[in-house]
Amino acid sequence: MTETQNPLDVLIVGAGFAGVYGVHKFRSMGFNVLAVEAGENVGGTWYWNRYPGLRCDVDSLEYCFGFSEELQRDWTWTERYARQEEIERYINYAADRLDVRKDIRFNARVASTAFDEASALWTVTLENGDSYQSRFIVMATGCLTVPKTPDIAGIGDFKGELFHSVRWPRQSPDLSGKNVAVIGTGSTGVQMIPLLAQQARNLVVVQRTPAYCVPARNGPWPEERVEYWRQNFSQLRDMAKNSRAGVLHEYGILPLHAIRPEDREADLERRWLKGGPNVTYAFNDVVTNKAANEVVAEFFHRKIRSAVTDPATAEKLIPSGFPIATKRMCVGTDYYETYNRDNVQLIDLRTEKLEQIEADGIRTTDGFYPVDVIILATGYDAMTGALLAIDIQGRDGHRLREDWSHGPESYIGMGISGYPNMFVVTGPGSPSVFSNVVVSIEHDIEWIADCLDYMREHGKRTIEADPAAQDRWMDHVDEVAGRTLLNEAASWYRGANVAGKPQRFMPYVGGVNTYRDTCRQIAANGYEGFNIDGGSDARGEPAIAQAADT
């Protein structure tokens, strides 16, 4: 059944921050737009994820829409790092104020999309068989929405309660008096474990790879801070847009060798006490210079040893085998201190092997741990998982699952060769998860909207990334990452956390400011690097701005 007699101008897949803003933006420009969302409500990542302790790791005053003075003026964040419930309320507030729900269909999971070259239309088919036709499709499927379930022997034999953090029940289970195990100590585990330890009778933490965790120092916002942001929001937002990560961190301006040892230590300590990820920006060469990286890592190691009373446990919690800041930096509250509790036990899979899950517990090479509840805090099939869950069929038999079988490729993260009139929001090849993603979402939606307006004004039918331009962009993404230490870690930035997933460093790490400049130049020069109506409107090779110091 086709739901629209006349084709839409724009169909958006997803109704998180990107989908909500996309509906508002495209509609305000006179486009006939519809978003389809698999969930029952708006929220995206903040709808699907709701595990205990879940918070954003960007200051809430920055992790919000910036296009509307009205939205930011009339909403008050209660804490520095907002809880999931508050962020979900915020997105609902924005959806109501923008009146976008009438143009969103909920409980509508997309099964496939197919491009017809003769009509230059996309057909988007839902799992229930309903379909829509649209000139353009915008994939706002999010970077962190698809759970990664580990392949552990015997997991199907477990007779207790089994939960995945990404699909946490809306009615949170009562874990009091139970023996609980958490598998995974990335950002999710770091946020969950201190709260679970307060509820459970006993908590067993199964650690595959220790994470670096910086204290959040979370708390209510002082009224004067909130008022300052209200009065200066536009200026502060512009400063963030022109920063390396789209966040107003204190970016160190000097390399390690230019700072006296005593001053390095004092600044690291000051940043640690302030809280948040700022500590990893103390020097401007932390992710490019091994010596600078080791200074910061050793500082963290000392902090872990001072926080954990049992020396053997402390050593288990110290990361090794990868440079600091090459995996996602965790922001937590009392994470290391939680291991001082009598009811918390740490299994380090670097020293003992997980053999299997049994009906009533977990067996390792060192023994058996009886548990009533197992929680999988094993993360996501990040950045590509949600896109590849859909059967996306482009021009001339292109299928995204096949085209990306050796790793994702895109042009500036938004266009993909072989897929005309399809755009991706914060896709691989863009700053995405290496930025304040709301800043990146707004940029991408606005850039796409301007592109569609260009197509309309010039009477153009199709736009598609040129394969040569795409190759050059991905070479640039690889080259910039190669200047850093980031490829030395088996991180989810590379897809290394999913067995069989082709590994390629996916985010663009040249800087949000650099990326925005490049995209601006591409648009100003007639969308260089894109083929429009089957031919290139570009004049020469697309300009790539000089990548910022990473």
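Everything quoted here is computed from the prediction, not taken from an experiment.
Salt bridge Lys303/Glu269: present, at least one basic N to carboxylate O contact under 4.0 Å. A salt bridge does not link Arg55 with Glu85: none of the charged nitrogens is closer than 4.0 Å to a carboxylate oxygen. A salt bridge is defined here as a Lys NZ or Arg NE, NH1 or NH2 lying under 4.0 Å from an Asp or Glu carboxylate O, and Glu250 with Arg270 meets this definition. A salt bridge links Arg80 to Asp59: at least one charged side-chain nitrogen sits closer than 4.0 Å to a carboxylate oxygen. The pair Glu37-Arg109 fails the salt-bridge criterion, with no side-chain N (NZ, NE, NH1 or NH2) lying under 4.0 Å from an Asp/Glu carboxylate O. A salt bridge links Glu488 with Lys290: the distance from a Lys NZ or Arg NE/NH1/NH2 to an Asp or Glu carboxylate oxygen falls below 4.0 Å.
Using the six-membered ring where Trp is involved, Phe505 and Phe434 have ring planes that are perpendicular, over 60° apart on the 30 and 60° scheme. The aromatic rings of Tyr90 and Trp75 lie perpendicular to each other, with more than 60° between the two planes, well past the 30° mark. Ring geometry for His476 against Tyr508 counts as tilted: the plane angle lies between 30° and 60°, on a 0 to 90° scale. Ring planes of Trp272 and Phe300: perpendicular class, angle over 60° (limits at 30 and 60°).
In terms of heavy-atom proximity, Ile416 sits nearest to Glu409 at CG2-O, 3.9 Å. Taking all atoms of both residues into account, the shortest heavy-atom contact from Lys501 to Gly495 is CB-O, 3.6 Å. In terms of heavy-atom proximity, Asp9 sits nearest to Asn32 at OD2-N, 2.7 Å. Val190 approaches Thr185 most closely through the heavy-atom pair CG2-O, 3.9 Å.
There is a side-chain donor-acceptor pair under 3.5 Å between Thr76 and Arg230. Judged purely by distance below 3.5 Å, without hydrogens or angles, the side chains of Ser432 and Ser440 never pair a donor atom with an acceptor atom. For the 3.5 Å distance criterion, the side chains of Asn92 and Arg101 qualify, holding a donor opposite an acceptor. Side-chain atoms of Ser243 and His249 include no donor-acceptor pair closer than 3.5 Å. Defined by atom type and a distance below 3.5 Å, a donor-acceptor pair is present between the side-chain atoms of Glu446 and Tyr21. At a cut-off of 3.5 Å, with distance as the only test, a side-chain donor of Trp221 or Ser60 sits close to an acceptor on the other residue. Asn513 and Arg244 are not linked by any side-chain donor-acceptor pair at a separation below 3.5 angstrom, with hydrogens and angles left out of the test.
Inter-residue side-chain proximity for Phe65 and Gln72 is flagged as unmet; no heavy-atom pair is nearer than 4.5 Å. At least one side-chain heavy atom of Arg97 sits less than 4.5 Å from a side-chain heavy atom of Asp74. Two residues are said to be in side-chain contact when any heavy atoms from C-beta on lie closer than 4.5 Å; Arg89 and Arg83 meet this criterion.
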**Q.** Audit row: Glu88, Arg50, salt bridge (Lys or Arg N to Asp or Glu O under 4.0 Å) steps and yes/no
**A.** CA-CA 10 Å; Glu88 188 178 19; Arg50 54 185 63 252; 3.2 Å; yes
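For Phe106, the CZ atom is densely surrounded, since the number of other residues' heavy atoms within 6.0 Å is greater than 12. Few gaps surround CG on Leu273; more than 12 heavy atoms of other groups in view lie less than 6.0 Å from it.
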Could you pull out all donor-acceptor pairs under 3.5 Å where a side-chain atom in residues 22-29 meets a protein atom, sequence neighbours excluded?
residue: Arg27; atom: NH1; partner: Asp99; partner atom: O; Å: 2.8
residue: Arg27; atom: NH1; partner: Asp103; partner atom: OD2; Å: 2.7
residue: Arg27; atom: NH2; partner: Leu98; partner atom: O; Å: 2.7
residue: Arg27; atom: NH2; partner: Asp99; partner atom: O; Å: 3.2
residue: Ser28; atom: OG; partner: His24; partner atom: O; Å: 3.4
residue: Ser28; atom: OG; partner: Lys25; partner atom: O; Å: 2.7

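For the side chain to side chain contact (heavy atoms under 4.5 Å, CB included) criterion with Phe423, the lone passing option out of Asp444, Ile137, Leu452 is Leu452.
Glu442 contributes a side-chain N or O that, together with a main-chain N or O of Phe67, makes up a donor-acceptor pair within less than 3.5 Å.
Between Tyr380 and Trp492, the distance separating the two ring centers is not shorter than 6.0 angstrom. Aromatic pair Tyr515/Trp447: centroids not less than 6.0 angstrom apart. Taking the six-membered ring for Trp and the full ring otherwise, Tyr63 and Trp77 have centroids separated by 6.0 Å or more.
Applying the salt bridge (Lys or Arg N to Asp or Glu O under 4.0 Å) criterion to Glu265, with sequence neighbours excluded, gives Arg302.
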